[in-house]
> 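Sharing a structure here in structure tokens format.
All values derive from a computational prediction rather than experimental measurement. Sequence positions, counted from 1, serve as the residue numbers for this chain. Both ligands and their constituent atoms are indexed starting at 1 by order of listing.
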Amino acid sequence: MSEQTKYIFVTGGVTSSLGKGIVSASLAKLLQARGHSVTIQKLDPYINIDPGTLNPYEHGECFVTDDGAETDLDLGHYERFLNVRTSQANNITTGRIYQNVINRERKGDYLGRTVQVIPHITDEIKRCVKLLGKNGSYDFVITEIGGTVGDIESLPYLEAVRQMKWELGINALSIHLTLVPYLAAAGELKTKPTQHSVKQLLEMGVQPDILVCRTEHPLTDEIRLKVARFCNVSMENVIESIDAETIYDVPNLMADEKLDVAVLKKMNVPYEGEADLSSWNDFIWKLKSPTDLVSIGLIGKYIELKDSYKSIAEAFIHAGAENGVKVNLDWIHSESITEENVAKKLSHLDGVLVAPGFGGRGIEGKIQAIKYVREKEIPFLGICLGMQCAVIEYARNVLGLEDAHSTEMNHNTSHPVIDIMEHQKSITNKGGTMRLGSYPCHLEKDSLALASYRTEDIDERHRHRYEFNNDFKSLFEANGMRMTGVNPESKLVEIIELPSHPWFVGVQFHPEYKSTVEQPHPLFIGFVEAALASRNVEAKSEELVDF
Ligand code: GLN
């Protein structure tokens, strides 16, 4: 395509949670499936430098990129849809924008001048948007603006959009996502909220080029015409976005509505033919025609907000489809598990995943659950804190180190089997200081990890301060636990396994971040496969008993 990168801005109106991230990712998928290179960026209007310091209850999962950026969970959707890696440049917050400007002010870059929202903050926003398009590295940069039009904190972003549209002309485009609610009492879809939302955008000098209307019912031509007329867009640029069975249906729904054609036409890019979604649709087919079902328990302490474990839940969808099964996730609160009820809560499961987390809340429930699945030979995957809990459980119940713990929960334990990394000890700042991003790991022969990955050297993403304490390594190894994945440089333990168990794997890294529609994660595939196998063994033995 042309050297000039094209910029597409996606704003949201009327209410939050309309699914801007999914619409942006779906549009990106359609453009990619037409042969264009695309990236997506999220601009978040809050003041935190990044979401790394946020409680998951506030903002859902914190997604981590290869380069160690702690980012909004929408970046997970971008990667899962596009199978293209994102980086720090793909998620910028107001905090970071101000920090960059203030750092420059202190250096004296603006010497003699007053530093203001316009032009300095808006220029920094524009710089962060254009950074991704530099040297024409992408044909399209889609920038999703967090929040809802009308929020005070979104104003500088909308001003930056206005300026970029003015500067770039046909090479910038604005898509506004709104809600067309259905009033049951009137039996009608209502366009007024959309009209008001567009009016607010117009007050800021931004005329949307395309409107994507979220709706529970199909938009009639009459409604489309009304929206078009009141909002100054052509009727073909009023796109219906009807509620979908799964987020993975949205690219097809957007293709049916010709969102990609509307964008390309507006930006003067050839739009003949259709997006080639054949590999995407292979996945959809597998997703929708499972031949079996497995039940997997997801044990965590933030389960009231399922978005806290977004990438894990999506990785199971990918791995389920790959195995031709539907994965039923049973969300279990770690604080609710006790020695007395653990069998009742877990015995029906085909597999158990113990989730990542921070702090001591719910930790004993996780340890109880791991003891149960270890003894009952139920397939287990422990991620980060989940792996650390597996180490603690083994130390206490197999090695007989009764007070074994992680120093995160107990500074004074005499058996710190999980301990803070040496270089972490002097760190006092909380933000962005964990072991973050991609690190290499070498896999041992004859391990479940190697059987899943089918390659000896892998890279996985990290987000933690604590590690397996290598002082205890030989004691664990002499007593049945294998360290099957180790960082080749630092020798830090990345993967643990129990060869005596059908499928027991703990990983210090976060495999869930790298699972995509096109490349479901090997460990999740292996885990679901093991869960299926264990279910079948159980079903067979039940049959035998009946007989
Ligand atoms: N709290 C643990 C640590 O910091 C685990 C972190 C996690 O599960 N992401 O090491």
> When you measure from atom 9 (N) of ligand 1 to every protein heavy atom, which one gives the shortest distance, and what is it?
Arg463 O, 2.9 Å
> Are Tyr453 and His521 close enough that their ring centres sit under 6.0 Å apart?
yes
> Which of the atoms in ligand 1, numbered in the order shown and given with their element, are less than 4.0 Å from a heavy-atom of His464?
3 (C), 4 (O), 6 (C), 10 (O)
> What are the atoms of ligand 1, with element, lying closer than 4.0 Å to any heavy atom of Tyr466?
3 (C), 4 (O), 10 (O)
> Measure the distances from the heavy atoms of Met434 to every atom of ligand 1 and state whether one is below 4.0 angstrom.
no
> If you measure only the distance, is there a donor-acceptor pair under 3.5 Å linking the side chains of Lys371 and Gln368?
no
> Return the closest protein heavy atom for atom 4 (O) of ligand 1 as residue, atom name and distance.
Arg465 N, 3.0 Å
> Does the side chain of Thr516 come under 3.5 Å of the side chain of Asn83 through a donor N or O and an acceptor N or O?
yes
> Purely on distance, is any nitrogen or oxygen of Gln508 under 3.5 Å from one on ligand 1?
no
> Is there a donor-acceptor contact under 3.5 Å linking the side chains of Gln508 and Gln388?
yes
> Check whether the side chains of Arg361 and Ser334 place a donor and an acceptor atom closer than 3.5 Å, and report yes or no.
no
> For Cys384, is at least one N or O under 3.5 Å away from an N or O on ligand 1?
no
> Assess the side chains of Asn90 and Thr39: does a donor N or O sit below 3.5 Å from an acceptor N or O?
yes
> Within ligand 1, which atoms have a heavy atom of His510 less than 4.0 Å away?
9 (N)
> I want to confirm something. Looking only at heavy atoms, which of Gly359, Cys62, Gly357 is nearest to atom 8 (O) of ligand 1?
Gly357
> Counting only heavy atoms closer than 4.0 Å, does ligand 1 sit against the backbone of Glu467, its side chain, both, or neither?
neither
> For this output row, return yes or no: ring centroids of Phe81 and Tyr248 closer than 6.0 angstrom.
yes
> Report the nearest protein non-hydrogen atom to atom 2 (C) of ligand 1: residue, atom name, distance rounded to 0.1 Å.
Glu408 OE1, 3.2 Å
> Taking 4.0 angstrom as the limit, do Arg85 and Asp67 come out as a salt bridge?
no
